[in-house]
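Okay, so here's the structure we're looking at.
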Amino acid sequence: MTATTETSPAASAGAAPERTADAEAVDPALRETARALHSPVVDWFAAHARDLPWRRPEAGAWGVMVSEFMLQQTPVNRVLPVYEEWMERWPRPADLAAEAPGEAVRAWGRLGYPRRALRLHGAAKAIAERHKGEVPVEHAQLLALPGVGEYTAAAVVSFAYGKRHAVLDTNVRRVFARAVSGQQYPPNATTAAERKLARMLLPEDEATASRWAAATMELGALVCTARSPACTRCPIAAQCAWQLAGAPEHQGPARRTQSYAGTDRQVRGRLLAVLRAAKDPVPQSDLDQVWHEPVQRARALDGLVSDGLVEPLEGKRYRLPLT
DNA sequence: TACTCGTGGGG
DNA sequence: TCCCCAAGAGT
């Protein structure tokens, strides 16, 4: 029974008058599908969830937010040590807000995409200034913070505050694509249909919805993986639309793989690595050593400066930003 | 929408 | 070895 992801005639025909304005019509078949998935997935999570530091109560909303920033496109194993250092050094948003942004970039280390460090610092400042030092509870307020998008806002709302909110990351999208839509992989870009499906599948009960969000993510991360899913260990393999369809190969455009060698990104990474390691301002002549091609080198450095990741000083010297 | 933005480990 | 991909956001 593959669930339809769009409006079904049955559900939308005679719109129930008692529905509130923003309530969505729910396909009865999909509702049944959802109920059949909730218990197995949530129970599996209770038995197999990893003991990650940001899942412990003492992490608090700030800990959850820090972890979510770090986990944007970076694997858990690499995040763990940096997260621990970070939380020890800056246990509250105000602690980070009081620091120079360059210190956040330095402490970010080699997690990659260092703009995230800058944005996390900016988010901490906004929280300190506009929210009395407390991580906001409202999704819209979270969304207004730098570096917080649809996913991160939902994750904080759900994981930190236990609210009922659909959480749609790459893991969840893959689980739903397979279990419900019968596809090996989700579309390249998140679609409105996926968002709607995620809302439809969300359990009504708040506490269950929160567990469901974390559980579907964990299932995607540990079992329903991209490359080689461990279907024998999957709690919903018997109901999986993709399995029931014979695990067909993905059709449609392949995800375009991003190159790295020789790109500006690589040059930026090398430049920033030098600056992270330096305690004092670095003369340009030192930065020139990291890349042979002068035009690309200059472009990369300019980009870092305009992104606010690097601060230019008098006499062709550079450092991580003090302000 | 499609593209940019780091880094490194596992298949 | 090489390639794929990993709890996205911003433009």
Side-chain angles (χ1 to χ4, degrees), chain A residues 45 49-50 52-55 59 63-83 105 108-120 122-123 142-160 165-175 184-192 194-195 198 213-222 224-230 250 253-276 290 299-300 302-304 306-310:
Chain A
F45 183 64
R50 289 168 292 180
L52 300 170
W54 44 86
R55 285 179 178 162
V64 171
M65 175 172 280
V66 168
S67 76
E68 293 303 337
F69 268 78
M70 292 182 173
L71 289 163
Q72 292 169 4
Q73 300 286 279
T74 301
V76 168
N77 289 336
R78 212 173 311 162
V79 164
L80 283 168
V82 182
Y83 172 84
V105 174
W108 197 255
R110 307 188 67 78
L111 289 182
Y113 292 149
R115 294 194 287 197
R116 292 181 291 162
L118 224 45
R119 289 170 181 157
L120 180 51
L142 288 160
L143 210 47
L145 299 172
V148 177
E150 175 65 34
Y151 162 75
T152 301
V156 171
V157 163
S158 181
F159 303 156
H165 201 293
V167 175
L168 203 54
D169 80 321
T170 185
N171 290 304
V172 177
R173 294 181 62 216
R174 190 174 52 248
V175 169
Q184 186 179 23
Y185 298 115
N188 280 336
T190 306
T191 63
E194 285 183 275
R195 294 192 189 89
T216 48
M217 276 185 66
E218 190 78 335
L219 187 63
L222 299 182
C224 194
T225 57
R227 213 98 51 101
S228 50
H250 180 70
R255 182 150 60 141
R256 103 171 227 295
T257 71
Q258 60 171 358
S259 55
Y260 179 66
T263 63
D264 286 6
R265 217 150 76 251
Q266 183 180 22
V267 185
R268 288 166 57 108
R270 290 193 183 183
L271 290 169
L272 213 53
V274 172
L275 291 164
R276 275 198 312 263
V290 307
R299 185 174 65 230
D302 282 351
L304 288 171
S306 64
D307 287 347
L309 283 163
V310 172

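These values consider heavy atoms only, across backbone and side chains, with no hydrogens, waters or symmetry-generated copies. Just so it is clear: chains get the letters A, B, ... in the order the sequence lines come, proteins before strands, and each one is counted from 1.
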| field | Heavy-atom side-chain contact between A:Phe45 and A:Met217 under 4.5 Å | value | no
| task | Measure from CZ on A:Phe69 to C1' on B:dC5 and round the result to the nearest Å. | result | 15 Å
| note | Between CG of A:Asn188 and P of C:dC4 the distance, given in whole Å, is 13 Å
| task | Find the distance A:Arg110:CZ to B:dG8:P and express it as a whole number of Å. | result | 4 Å
| task | Would you classify A:Arg276 as touching base, sugar-phosphate or nothing, given that sugar-phosphate means primed atoms plus P, OP1 and OP2, and contacts are heavy atoms under 4.0 Å? | result | sugar-phosphate
| query | B:dT7 C1' sits how many Å from A:Met70 CE, rounded? | reply | 15 Å
| query | For A:Arg110 and A:Arg78, which heavy atoms make the closest approach, and how far apart are they? | reply | O-CD, 4.3 Å
| Separation between the P atoms of B:dG6 and C:dT11, rounded to whole Å | 15 Å
| message | I need the CZ-C1' distance between A:Arg270 and B:dG8, as an integer number of Å. | response | 15 Å
| remark: A:Tyr260 atom OH is separated from B:dT7 atom P, nearest whole Å, by 5 Å
| In whole Å, what separates the P atom of B:dC3 from that of C:dA7? | 23 Å
| message | Closest-nucleotide mapping onto DNA chain B: is A:Leu272 or A:Thr190 further toward the 5' terminus? I mean the 5' end. | response | A:Thr190
| Is there a side-chain contact between A:Asp307 and A:Arg268 (heavy atoms, below 4.5 Å)? | yes
| task | Check every strand shown and say whether A:Leu111 touches a base, only sugar-phosphate, or nothing at a heavy-atom separation below 4.0 Å. | result | base
| task | Do nucleotides 5-11 of chain C as a string where each nucleotide becomes B, S or -: B if the base has a protein heavy atom under 4.0 Å, S if just the sugar-phosphate does, - if no protein is that close. | result | SBBBSS-
